[in-house]
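I have placed the structure first, in the form of structure tokens, so that the comments after it can refer back to it.
These numbers come from the heavy atoms of this one structure, side chains and all, not from hydrogens, waters or symmetry mates.
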Amino acid sequence: MSRKKYISILLLCASIYLPGCSTQQSTVTDAEPSPTTTEETTTIDTDSEPTEEIIEISYEVAEEDIAAFQGEWREKGAKYRKLIISGQTVNFISFDIFSDTEVVDKVFTFCFEYDENDQLVVCNSYHQPVKILSITEDGQLKEQSTYSDDETLYDYVSENTDVPDAVPDPAIGMTADEVLTSKWGYPKKKNITQTATSTSEQWVYDQGYIYLTDGIVTAIQK
């Protein structure tokens, strides 16, 4: 091959290759920029009033609706349990079974609501129903547990709505008079020891012994 012809072939190849490289270069440099993302900001007005309606629940009961329940009721066939309904509270009262007199042992007070079935719905502090009270056709008060099928009947006693205070147990530090008005009441026997400086007493009960020094309880033995 002659030198002139060889040079011609090289020039022809160069003319084909160089335009191709130029096209590829322009494809990269002329590419459109990617679109810019715009973020939207939401502003919350903390001073605006809430749109949700607040519903207030009232537990007020009309006096005429619960008038028939008011008063003192004693558990049927039992000596040591009664309840007193006063206003919108029901008070379950138990007595000391070891006492010859009516000595209040415990008082449990609950609030109630009046439902559409003419019943008192006794609720705990969380407004959860625990008992249902209703009056039977023969005038007795029926107590029904919401947790079981247990029922208790009460006979009407009087219009009394005064709730007694629970009588306390004897305690160290009480005076002799306070012991006498406690659940243990008067002792069956007193053993007294007199010294030059003090007076010691042992009060004897069925439940145990109470020891006093100069009229103050210093020990209790059960």
Side-chain angles (χ1 to χ4, degrees), residues 52-172 174 178-186 188 205-208 210 220-222:
E52 184 178 355
E53 182 181 0
I54 300 176
I55 301 175
E56 294 184 358
I57 300 176
S58 175
Y59 294 97
E60 294 184 358
V61 176
E63 291 183 3
E64 58 269 20
D65 290 335
I66 60 174
F69 292 89
Q70 301 295 300
E72 180 177 333
W73 304 77
R74 185 172 294 276
E75 183 178 346
K76 192 174 183 65
K79 179 182 177 182
Y80 305 108
R81 190 166 182 262
K82 69 179 179 181
L83 61 81
I84 294 177
I85 299 177
S86 177
Q88 202 175 334
T89 63
V90 55
N91 305 272
F92 294 89
I93 302 167
S94 60
F95 298 94
D96 185 357
I97 61 175
F98 299 106
S99 175
D100 295 331
T101 59
E102 196 172 76
V103 178
V104 178
D105 186 15
K106 296 178 182 178
V107 178
F108 299 97
T109 300
F110 298 87
C111 293
F112 61 75
E113 303 163 26
Y114 186 75
D115 69 5
E116 65 278 4
N117 298 317
D118 300 331
Q119 302 178 133
L120 304 187
V121 182
V122 182
C123 303
N124 58 21
S125 58
Y126 301 100
H127 291 292
Q128 298 170 329
V130 291
K131 294 181 184 294
I132 304 295
L133 302 181
S134 60
I135 297 179
T136 64
E137 293 182 356
D138 55 359
Q140 292 181 323
L141 184 72
K142 183 174 72 173
E143 170 197 328
Q144 184 172 357
S145 171
T146 59
Y147 300 103
S148 66
D149 296 330
D150 295 342
E151 291 184 357
T152 304
L153 293 177
Y154 294 83
D155 292 321
Y156 181 76
V157 176
S158 70
E159 296 180 353
N160 173 51
T161 56
D162 294 331
V163 181
D165 294 327
V167 177
D169 287 312
I172 294 174
M174 278 186 173
E178 288 174 334
V179 173
L180 295 177
T181 57
S182 72
K183 290 180 183 177
W184 287 25
Y186 284 82
K188 297 176 64 176
Y205 295 86
D206 291 334
Q207 302 95 314
I210 295 179
I220 299 174
Q221 180 182 351
K222 297 181 181 181

Distance in Å, [X] [atom1] paired with [Y] [atom2], rounded so as to fall on 0.5 Å steps:
X: Asp65; Y: Phe69; atom1: CG; atom2: CZ; value: 9.5 Å
X: Leu120; Y: Ser134; atom1: CG; atom2: OG; value: 8.5 Å
X: Ile85; Y: Tyr154; atom1: CD1; atom2: OH; value: 9.5 Å
X: Leu83; Y: Phe92; atom1: CG; atom2: CZ; value: 5.5 Å
X: Asp105; Y: Ile97; atom1: CG; atom2: CD1; value: 8.5 Å
X: Lys142; Y: Leu133; atom1: NZ; atom2: CG; value: 10.5 Å

Does a side-chain N-to-carboxylate-O contact under 4.0 Å join [X] and [Y]?
X: Glu72; Y: Lys82; answer: yes
X: Lys76; Y: Glu143; answer: no
X: Arg74; Y: Glu102; answer: yes

Is a side-chain N or O of [X] found less than 3.5 angstrom from the main chain of [Y], in a donor-acceptor match?
X: Thr146; Y: Val130; value: yes
X: Ser148; Y: Ser145; value: no
X: Gln88; Y: Phe112; value: yes
X: Asp115; Y: Asn117; value: yes

Heavy-atom check, side chain of [X] versus side chain of [Y], under 4.5 Å:
X: Lys188; Y: Tyr205; value: no
X: Asp155; Y: Trp73; value: no
X: Pro164; Y: Ile84; value: yes
X: Tyr156; Y: Gln140; value: no

Hey, mind stepping through Asn91 and Phe108 against side chain to side chain contact (heavy atoms under 4.5 Å, CB included) and telling me if it holds? CA-CA 6 Å; Asn91 305 272; Phe108 299 97; over 6 Å; no
Check the surroundings of atom [atom1] in [X]: do more than 12 heavy atoms from other residues, nucleotides or ligands lie under 6.0 Å from it?
X: Glu151; atom1: CD; result: yes
X: Asp165; atom1: CG; result: no
X: Glu63; atom1: CD; result: no
X: Tyr147; atom1: OH; result: yes
X: Asp138; atom1: CG; result: yes

Do Asp150 and Gln144 meet the criterion of a side-chain donor-acceptor pair at a distance under 3.5 Å? no
Within 45° cone and under 6.0 Å: Lys183 NZ/CZ vs Phe95 ring: no
Assess the residue pair Ile132 and Val121 against the criterion (side chain to side chain contact (heavy atoms under 4.5 Å, CB included)); give the C-alpha distance rounded to whole Å, side-chain angles, the decisive distance to 0.1 Å, and a yes or no. CA-CA 5 Å; Ile132 304 295; Val121 182; 3.9 Å; yes
Can Ser94 and Lys106 be said to form a side chain to side chain contact (heavy atoms under 4.5 Å, CB included), step by step? CA-CA 5 Å; Ser94 60; Lys106 296 178 182 178; 3.6 Å; yes
List the atom of Asp169, the atom of Ser182, and the distance in Å for their closest heavy-atom pair. C-CB, 4.2 Å
Are Val167 and Thr181 close enough, and set up right, to give a side chain to side chain contact (heavy atoms under 4.5 Å, CB included), and what steps lead you there? CA-CA 8 Å; Val167 177; Thr181 57; over 6 Å; no
